[in-house]
Amino acid sequence: MLKHTLLKAVQTGAAVMQSYFNGTFEITNKEGINNLVTEADHASEKAIFEVIRQDYPSHYILSEESGEIIQDSNYKWIIDPIDGTVNFANGIPLCCVSIGIEQDGKMILGAVYNPFINELFFAQKGFGATLNDKIIHVSKKTEVIKSALVTGFPYTYLDAPNGPLQIFEKLIRKGVPVRRLGSAAIDLCWVAAGRFDGFYEHKLQAWDSAAGFLMVEEAGGKVTDFTGNHYSPYQPHILATNGHIHQELLDIVNGGEVKTIPAHQ
Ligand code: IPD
Ligand code: CA
Ligand code: CA
């Protein structure tokens with residue numbers, strides 16, 4: 001039943017998002033330059049709330065545009081009504097709806113839907129992850145130098161040692177492909193599907209990663225913070241990999257160098 005409502009919620013939100021795509025809609029700015037929120041984000045969120053409230057009126061909700069709607073419940077829905085809003089606002093069809101559900105503080109279900117390419121990712125704690133109902137697994141690469149990575153940059157630049165641009169430069173200078181898609185939820189799902197070998201970002205919110213981190217774990221990958229501890233979506237740092245390159249990428253994120261391939265190989 002929870003799964004049914006979850007899938008209905010992501011699909012309903014995504015249909016609303018799609019109905020605004022390439023149309024005219026109001027755009028306003030949040031903290032930072034180009035941190036946008038559109039009429040479509042609010043409309044998607046409203047439609048998602050209606051689906052959830054119909055089946056589970058007493059559940060706790062944490063959603064990007066409305067914040068916390070606190071209720072005394074063991075269940076918490078963590079919602080990003082559009083992840084990839086800048087893409088959306090520019091007519092780039094790399095955006096999705098992302099919803100994770102926690103029970104007693106543990107993520108138990110996650111769904112991410114990008115209607116533009118009809119990709120529905122779903123994960124259930126202990127039961128694996130799927131893309132359009134087919135089981136997905138992380139990749140098998142074992143070295144960062146041979147990996148394809150993805151990252152994101154916060155709206156407000158973090159001027160700190162080992163900041164987003166320093167790590168990006170270090171990897172790019174060694175020839176490691178690092179993509180920047182503009183949707184953390186899609187980044188995570190694409191690690192889960194084995195398209196990327198790893199993803200890192202310095203400043204995410206719970207709604208960006210709630211569903212996606214479960215997707216990576218359930219697809220056989222590993223997700224931690226930047227100290228290597230088990231991931232919590234309530235702190236900013238995320239490192240999500242296929243597991244094999246995790247330690248090497250963790251070292252790089254913390255200031256280490258990329259190991260290159262010896263000349264004879
Ligand atoms: C953003 C996207 C982006 C990431 C940002 C997020 P939004 O979410 O996930 O990829 O780099 O940190 O804030 O604003 O499109 O919902
Ligand atoms: Ca987001
Ligand atoms: Ca969003």
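All ligand and atom numbering here is 1-based and tracks the order in the structure. Note that this is a predicted model, so its numbers are computed, not measured.
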**Request:** Using salt bridge (Lys or Arg N to Asp or Glu O under 4.0 Å) as the criterion, list what pairs up with Arg179, not counting sequence neighbours.
**Result:** none

**Asked** Is Leu120 linked to Ile136 within one hydrophobic cluster, defined over Ile, Leu, Val, Met, Phe, Trp and Tyr using a side-chain heavy-atom separation of less than 4.5 Å?
**Response** no

**Message:** Taking atom CG as the centre, does Asp133 end up with more than 12 heavy-atom neighbours from other residues, nucleotides or ligands that are less than 6.0 angstrom away?
**Reply:** no

**Asked** With the threshold set at 4.0 Å, does a side-chain nitrogen-carboxylate oxygen contact exist between Arg195 and Glu119?
**Response** yes

**Message:** Using a 4.0 Å cut-off on heavy atoms, what residues surround ligand 1? Order them by chain and number.
**Reply:** Glu64, Asp80, Ile82, Asp83, Gly84, Thr85, Gly152, Phe153, Tyr155, Arg180, Gly182, Ser183, Ala184, Glu201, Lys203, Leu204, Asp208

**Asked** Do Lys8 and Gln54 have side-chain heavy atoms sitting under 4.5 Å apart?
**Response** yes

**Prompt:** Any idea which heavy atoms bring Ser66 and Ile69 closest together, and the distance?
**Reply:** CB-CD1, 4.4 Å

**Reported CZ-to-CG distance for the pair Phe226 and Leu239, which is rounded to 0.5 angstrom** = 6.5 Å

**Asked** At distances under 3.0 Å, what protein N, O or S atoms surround the Ca ion (ligand 3)?
**Response** Glu64 OE1, Asp80 OD1, Ile82 O

**Message:** Using 0.5 Å steps for rounding, measure from the CE atom of Met17 to the SG atom of Cys96.
**Reply:** 6.5 Å

**Item:** For Phe168, ring-ring contact (aromatic ring centres under 6.0 Å, His included) partners two or more places apart
**Value:** Phe153

